[in-house]
Amino acid sequence: MLGTKKNRYLLTSVIVVGLLVTWLIATSKPAPAAKPIRLPPIPIVDVLHIQPGSHRVWIETQGLVKPKTQIELVSQVNGRVEAINEQFSTGGFFDANQALVMVEESDYRIAVSQANAKLADAKQLLATEKGRARQAKREWRDLGNSEANDLFLRKPQLASAKAGLLAADAGLEKAQLDLSRTRISAPFAGRVLSKKVDVGQFVAKGTSIAEVYSSDVAEVRLPLTAQQRQNVSVSELQRSSVKLIARYGSNEYEWDAVLDRLEGAIDSSSRQYYFVATLPQAFEDSVDSNGVLEKPGLAVGQFVTAQIAGNNVDNSFLIPRMALRQQQQIWVLDNNRLAYMDVIVIQISDDSALVQLADKSQAKKPIAVITSTLSLALKGMNIRDRSAVVRDLSESES
């Protein structure tokens, strides 16, 4: 019993001492010192102050060069090719109505001679019938009868002789026309695209002898999307200018063309509009007074890049491309706070973007566009214009 009571007293003493030590430790701990709250620094950003204005839209597209006029040269007579012009070769230039292919003309000269003979016979017959008609008219008058028979007066024979003369004259004209067609030419100055006959070859009427094209005007068919189409207009009074760019090796050359017309149908597969730009005298090389090449001529089928001068867009802003954010938004500085602003993107190039404000009530007001990139951009957060910070520092130092 005594040992049991002693153990109880000892256990109670240990518990009391432990509680006392715990209380002393808890009450003797120093109170935590108050620390000031550190706010994150206000971001400093680059701001571009832009005024609204009227900006021209430049649309870039591509196309292939082709001639405005391209035909298949066809023989209109039968015969053997007797000679060809030295310019009648692929790539050769020729003048308007210059004979390129000469078909043997002996048969056609004979036909002209025969037609001349028939014409002479017809003239002689008509003269004879006229004389007979006058003689018949005198004879009938001598008979004292006022009414004469047409057959007796040889009116049908005279009409037949006149018709025969007209037919003979037409026959001569046809023979001369066939003779002239033995000299095959094009009605325009141009260039040979492909040659299909040579000396000694027999050609029949309707045989294709070459493909040629006019060298006076080149055309480029330019595809535009529906969005691009709304910024380009074509009128007879004022045609939009087009800059054509082609690369030859490491060099680039430019040609000034005009937007001539809009094709009447949309491409059924791509749903694109097609404009046609025209450029005069584009197929020949341009050389200076010393004969040095200044600009090479364009070639049919050549690929070129085109920059079309579109319409002017009023109340628009030309901003750096980096300032255009996702979902067609920009960040602007509004009373030292960040604000989102919705825009309508009209055109984007490599380093800039042409936009209009979606809120038309703000369209004529200047904007302060933030061009810096922020890791965290919250609407309404405090920001500072870098130029204003620099100005404040310079004023404080002075």
Which donor-acceptor pairs under 3.5 Å do side chains of residues 280-287 form with protein atoms, sequence neighbours excluded?
residue: Asp285; atom: OD1; partner: Gly297; partner atom: N; Å: 2.7

With Glu219 as partner, the option from Arg261, Lys68, Gln70 fulfilling side-chain hydrogen bond (donor to acceptor under 3.5 Å, both in side chains) is Arg261
Does atom CD (Gln362) have a neighbourhood of more than 12 heavy atoms from anything else shown, all under 6.0 Å?
yes
Return the set of residues passing ring-ring contact (aromatic ring centres under 6.0 Å, His included) with Tyr253 (not counting sequence neighbours), or none when no residue passes.
Tyr248
Path from Leu262 to Ile59 over hydrophobic side-chain contacts below 4.5 Å:
yes
Tell me every residue that passes ring-ring contact (aromatic ring centres under 6.0 Å, His included) with Tyr273, counting only those two or more places apart in sequence or in another chain.
none
Arg325 meets the salt bridge (charged side-chain N to carboxylate O under 4.0 Å, His left out) criterion, sequence neighbours left out, with none
Any side-chain to backbone donor/acceptor pair from Asn315 onto Lys364? Under 3.5 Å, distance only.
no
Main-chain N/O of Gly310 paired to Arg56 side chain as donor or acceptor, under 3.5 Å:
yes
Specify the closest pair of heavy atoms between Thr61 and Pro223, including all atoms of both residues, with the distance to one decimal.
OG1-O, 2.8 Å
Short side-chain to backbone donor-acceptor contact, Gln356 and Asp314, under 3.5 Å
yes
Exam field: side chain Arg191 to backbone Tyr213, donor-acceptor pair closer than 3.5 Å:
no
Can you name the residues that form a ring-ring contact (aromatic ring centres under 6.0 Å, His included) with Tyr108, not counting sequence neighbours?
none
Asp342: what forms a side-chain hydrogen bond (donor to acceptor under 3.5 Å, both in side chains) with it, not counting sequence neighbours?
Gln329
Check: Leu165 main-chain N/O paired with Asp169 side-chain donor or acceptor under 3.5 Å:
no
Student check: side-chain heavy atoms of Ile344 and Lys360 closer than 4.5 Å
yes
Is any side-chain heavy atom of Val197 closer than 4.5 Å to one of Phe88?
yes
For Ser75, side-chain hydrogen bond (donor to acceptor under 3.5 Å, both in side chains) partners two or more places apart:
none
Decide whether Leu222 and Leu64 are clustered together by the hydrophobic rule: side chain heavy atoms of Ile, Leu, Val, Met, Phe, Trp, Tyr closer than 4.5 Å, transitively.
no
For a 4.5 angstrom cut-off between non-hydrogen side-chain atoms, does Asp385 reach His49?
yes
Can you confirm whether more than 12 heavy atoms, excluding those of Asn251, are under 6.0 Å from its CG atom?
yes
Given the rule that I, L, V, M, F, W and Y join up when any side-chain heavy atoms are under 4.5 Å apart, are Val220 and Tyr274 in one cluster?
no
Evaluation steps, side-chain contact (heavy atoms from CB on, under 4.5 Å), between Val212 and Phe94
CA-CA 10 Å; Val212 298; Phe94 57 85; 3.8 Å; yes
Connected-component partners of Val47 among ILVMFWY, side-chain separation under 4.5 Å:
Val45, Trp331, Leu333, Leu338, Tyr340, Ile370, Leu374, Leu376, Leu378, Met381, Ile383
Any side-chain donor near an acceptor of the partner, Thr128 and Gln124, under 3.5 Å
yes
Within the 4.5 Å heavy-atom criterion, are Gln228 and Gln272 side-chain neighbours or not?
no
Among residues at least two apart in sequence or on other chains, which ones pass side-chain hydrogen bond (donor to acceptor under 3.5 Å, both in side chains) with Glu252?
Arg247
Would you say Ser372's side chain and Asp46's backbone share a donor-acceptor pair under 3.5 angstrom?
yes
ILVMFWY cluster membership beyond Phe317 - transitive side-chain contacts under 4.5 angstrom
Leu48, Ile50, Ile319, Leu324, Ile330, Val332, Met341, Val343, Val345, Ile348, Val355, Leu357, Ile367, Val369
Testing Ile308, Ile346, Asn312 one by one against Val57 for a side chain to side chain contact (heavy atoms under 4.5 Å, CB included), which residue passes?
Ile346
Non-neighbouring partners of Glu263 that pass salt bridge (charged side-chain N to carboxylate O under 4.0 Å, His left out), sequence neighbours left out
Arg221
Does Arg109 reach the side chain of Leu179, with side-chain heavy atoms less than 4.5 Å apart?
yes
Does the side chain of Leu126 reach to within under 4.5 Å of the side chain of Lys123, using non-hydrogen atoms?
no
Under 4.5 Å between any side-chain heavy atoms of Asn311 and Val232, yes or no?
no
Counting distance only, does the side-chain N/O of Asp95 pair as donor-acceptor with the main-chain N or O of Gln98 below 3.5 Å?
no
Would you please name every residue forming a side-chain hydrogen bond (donor to acceptor under 3.5 Å, both in side chains) with Thr371, sequence neighbours left out?
none
Show the numbers, then the answer: is there a side-chain hydrogen bond (donor to acceptor under 3.5 Å, both in side chains) between Arg337 and Asn382?
CA-CA 5 Å; Arg337 291 186 179 275; Asn382 288 323; 3.1 Å; yes
Taking the side chain as everything from C-beta on, heavy atoms only, tell me whether Phe188 gets closer than 4.5 Å to Ile71.
yes
Strictly distance-based, threshold 3.5 Å: is any side-chain N or O of Ser352 a donor or acceptor partner for the main-chain N or O of Ser349?
no
Gln62, CD: over 12 other non-hydrogen atoms inside 6.0 angstrom
yes
Using a 6.0 Å cut-off, check whether atom NZ of Lys295 has over 12 heavy atoms from anything other than its own residue.
yes
Might you work through the side-chain contact (heavy atoms from CB on, under 4.5 Å) test for Arg321 and Asp351, ending with a clear yes or no?
CA-CA 5 Å; Arg321 183 171 182 175; Asp351 55 0; 5.6 Å; no
Pair Lys205-Arg181, side-chain contact (heavy atoms from CB on, under 4.5 Å): steps then yes or no
CA-CA 11 Å; Lys205 187 176 182 179; Arg181 286 172 174 171; 5.7 Å; no
